[in-house]
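The structure appears right after this line, and notes come after that.
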Amino acid sequence: MTPVPPAPGAASHDRPTLAVVGATGAVGTVMLSILSQHADIWGEIRLIASPRSAGRKLLVRGVEVEVVALTEEAFEGVDVAMFDVPDDISARWAPIAAAKGAVVVDNSAAFRMDPDVPLVVPEVNPHAARVRPRGIVANPNCTTLSMIVAMGALHAEFGLRELVVSSYQAVSGAGLAGIDALRAQLNLVAGTDLGTKPGDVRRAVGDNTGPFSEPIALNVVPWAGSAQEDGWSSEELKVRAESRKILGLPDLRVSVTCVRVPVVTTHSLTVHARFENEVTVGRAHEILSTAPGVVLFDNPAAGEFPTPADVVGTDPTWVGRVRRSLDDPTALELFVCGDNLRKGAALNTAQIAELIAAELS
Ligand SMILES: NC(=O)c1ccc[n+]([C@@H]2O[C@H](COP(=O)([O-])OP(=O)(O)OC[C@H]3O[C@@H](n4cnc5c(N)ncnc54)[C@H](OP(=O)(O)O)[C@@H]3O)[C@@H](O)[C@H]2O)c1
């Protein structure tokens with residue numbers, strides 16, 4: 001009997017081969033720990049980074065694996081390739097990996113708004129991952145991801161009409177360089193009385209503010225991303241465009257202000273969400289306390305609300321401070337926290353890759 005050839009994109013062996021491109025970065029590092037914690041569905045796991053890291057050995061599933069440099073050959077036999085690298089590297093190499101037969105799950109911004117690339121959050125629109133004309137599935141931005149699971153659950157019940165969002169974003173959103181910058185600056189200001197005179201923190205920190213335009217220690221910076229038209233930042237426009245695409249609401253009104261704060265990891269957001277119908281806090285509590293991937297932690301009288309210091313390292317989206325707007329019975333005010341390196345990046349990517357692995361096998 002002639003063997004039946006595998007369908008395009010199907011794993012040709014028992015368990016799919018996974019490549020992690022960018023395995024040495026902030027997201028890649030968390031990815032390796034998630035791969036060690038989740039059900040072991042993968043065959044070979046290949047670790048890829050820049051030539052600078054080739055030869056380094058990293059631990060995954062309790063085994064040391066040598067990092068290889070990013071080349072076309074590195075995708076030989078790969079079924080699913082996660083990309084946790086800068087935009088320009090993804091833009092160039094994701095189509096190469098897809099042409100080699102891998103399904104790419106890309107964490108960068110390179111393909112998120114491409115109409116032929118689905119933008120997927122498994123708790124909200126898992127079906128979208130099945131239609132991928134370019135062989136690429138995109139993972140949303142960490143700020144969008146930090147709130148969208150909760151918003152998706154509320155939308156399914158109340159019908160979302162508008163979001164007004166302010167972010168309080170951790171420095172690891174800017175990669176390892178962001179973490180390094182905060183730690184170095186904290187060392188410079190620790191034990192001083194800085195923060196009492198105009199410019200004193202700036203002088204202590206000096207010109208090297210890392211990936212941020214201003215000092216981040218003892219400060220908040222109302223800016224994330226690059227400058228776009230009419231005063232908006234790229235990060236703010238991403239949250240707007242990506243929320244619309246994930247929820248399938250192309251006309252959703254969205255207004256965002258992104259702010260960087262001296263937190264290592266875990267983004268927080270305040271959200272004013274306006275719905276089609278009247279809302280009650282009781283019903284919102286019921287929805288949020290049963291929604292997959294969401295933890296409701298909302299009893300301010302007892303001091304219970306999420307903060308980044310407690311949420312960091314956990315998987316769910318944490319929601320607290322749920323109130324009905326005093327001036328609009330169709331609107332809720334919420335405070336949301338999510339680990340930007342887990343659900344905001346690596347975890348969501350791993351969940352998408354697991355959906356695809358289940359489909360391929
Ligand atoms: N940090 C977050 O919260 C977050 C959230 C969502 C999405 N993302 C996105 O995820 C991606 C990775 O972010 P990150 O924060 O992990 O960045 P990062 O800490 O700077 O790590 C970047 C990774 O890309 C690799 N890389 C850089 N240039 C390369 C090249 N020429 N060839 C091959 N590999 C190369 C690096 O390898 P070397 O170590 O060898 O240089 C490293 O593994 C970015 O697109 C980012 O926007 C980040």
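Order of appearance sets the numbers: ligands from 1, and atoms from 1 within every ligand. In this text the structure is predicted, and so the values were computed from the model without any measurement.
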Quiz item: Can we say K343 and E123 salt-bridge, meaning some charged N sits less than 4.0 Å from an Asp/Glu carboxylate O?
Solution: yes
Exercise. Would you mind finding which of N348, T349, V85 brings a heavy atom closest to atom 45 (O) of ligand 1?
Key: V85
Quiz item: What protein heavy atom is closest to atom 15 (O) of ligand 1, reported as residue, atom name and distance in Å?
Solution: G175 CA, 3.1 Å
Quiz item: To the nearest 0.1 Å, how far is atom 37 (O) of ligand 1 from its closest protein heavy atom, and which atom is that?
Solution: T24 OG1, 3.2 Å
Quiz item: At a 4.0 Å threshold, what atoms of ligand 1 neighbour a non-hydrogen atom of S108?
Solution: 45 (O)
Quiz item: Can you list the atoms of ligand 1 that are under 4.0 Å from a heavy atom of C142?
Solution: 3 (O), 5 (C), 6 (C)
Quiz prompt | atom 3 (O) of ligand 1 - nearest protein heavy atom and its distance | solution = N340 ND2, 3.1 Å
Quiz item: Quick one: does atom 23 (C) of ligand 1 have a protein heavy atom under 4.0 Å from it?
Solution: yes
Practice problem: Under 4.0 Å from a heavy atom of A345: give me the atoms of ligand 1 that qualify, with their elements. | Solution: 5 (C), 6 (C)
Quiz item: Are L252 and L247 close enough, and set up right, to give a side-chain contact (heavy atoms from CB on, under 4.5 Å), and what steps lead you there?
Solution: CA-CA 9 Å; L252 183 68; L247 296 170; 4.2 Å; yes
Quiz item: For atom 31 (N) of ligand 1, what is the nearest protein heavy atom, given as residue, atom name and distance?
Solution: I89 CD1, 3.3 Å
Quiz item: Does G25 reach ligand 1 with a nitrogen or oxygen that is under 3.5 Å from one of the ligand's nitrogen or oxygen atoms?
Solution: yes
Exercise. List the closest protein heavy-atom neighbour of atom 19 (O) of ligand 1: residue, atom name, distance to the nearest 0.1 Å.
Key: A26 N, 2.9 Å
Quiz item: When you measure from atom 47 (O) of ligand 1 to every protein heavy atom, which one gives the shortest distance, and what is it?
Solution: D87 OD1, 4.5 Å
Practice problem: State whether the side chain of N125 and the backbone N or O of L119 hold a donor-acceptor pair below 3.5 Å, judged by distance alone. | Solution: yes
Quiz item: What about S50: any of its N or O atoms under 3.5 Å from an N or O on ligand 1?
Solution: yes
Quiz item: Does the side-chain contact (heavy atoms from CB on, under 4.5 Å) test come out yes or no for F158 and I287, once each step is laid out?
Solution: CA-CA 10 Å; F158 297 130; I287 295 164; 3.8 Å; yes
Quiz item: For ligand 1, which atoms have a heavy atom of S172 less than 4.0 angstrom away?
Solution: 1 (N), 2 (C), 3 (O)
Practice problem: Begin with the C-alpha distance, continue with both residues' side-chain angles, and end with the deciding distance and a verdict on side-chain contact (heavy atoms from CB on, under 4.5 Å) for T349 and V27. | Solution: CA-CA 10 Å; T349 305; V27 177; 5.7 Å; no
Quiz item: Quick check: does N141 get an N/O under 3.5 Å from an N/O on ligand 1?
Solution: no
Quiz item: So, for I356 and V137, which heavy atoms are closest and what is the spacing to 0.1 Å?
Solution: CD1-CG2, 3.9 Å
Exercise. Could you tell me whether R283 atom CZ has more than 12 heavy atoms of other residues or ligands within 6.0 Å of it?
Key: yes
Quiz prompt | Enumerated ligand 1 atoms positioned under 4.0 Å from heavy atoms of G344 | solution = 5 (C), 6 (C)
Quiz item: Backbone, side chain, both or neither: what part of L176 comes under 4.0 angstrom of ligand 1, heavy atoms only?
Solution: both
Practice problem: Look at E162 together with R274 and state whether they make a salt bridge at an N to O cut-off of under 4.0 Å. | Solution: yes
Quiz item: Between E235 and N141, is any side-chain donor less than 3.5 angstrom from a side-chain acceptor?
Solution: yes
Quiz item: Do S325 and D327 have side-chain N/O donor and acceptor atoms under 3.5 Å apart?
Solution: no
Quiz item: Checking side chain to side chain contact (heavy atoms under 4.5 Å, CB included) against C142, which of N107, N340, L341 comes through?
Solution: N340
Self-check item: Donor-acceptor under 3.5 Å (R321 side chain, T270 main chain)
Solution: no
Quiz item: Would one find an N or O of V27, backbone or side chain, under 3.5 Å from an N or O of ligand 1?
Solution: yes
Practice problem: State whether R324 and E278 are salt-bridged, where the test is any N-O pair (Lys NZ or Arg NE/NH1/NH2 against Asp/Glu carboxylate O) under 4.0 Å. | Solution: yes
Exercise. Any chance you could lay out the side-chain contact (heavy atoms from CB on, under 4.5 Å) test for T209 and Q185, step after step, and finish with the verdict?
Key: CA-CA 8 Å; T209 50; Q185 292 177 28; 4.2 Å; yes
Quiz item: Which ligand 1 atoms, with their elements, are less than 4.0 angstrom from a heavy-atom of L70?
Solution: 32 (N), 33 (C)
Quiz item: What are the atoms of ligand 1, with element, lying closer than 4.0 Å to any heavy atom of S53?
Solution: 38 (P), 39 (O), 40 (O)
Quiz item: atom 7 (C) of ligand 1: which protein heavy atom is closest, and how many Å away?
Solution: N107 OD1, 3.2 Å
Exercise. Around atom 41 (O) of ligand 1, find the nearest protein heavy atom and jot down its residue, atom name and distance.
Key: R52 NH2, 2.8 Å
Quiz item: Does any N or O atom in L341 lie less than 3.5 angstrom from one in ligand 1, N or O only?
Solution: no
Quiz item: Are a donor atom and an acceptor atom from the side chains of S243 and T144 found within less than 3.5 Å of each other?
Solution: no
Quiz prompt | N or O contact, A109 vs ligand 1, cut-off under 3.5 Å | solution = no
Exercise. Nearest heavy atom to atom 26 (N) of ligand 1 wins, so pick from P86, G22, P51.
Key: P86
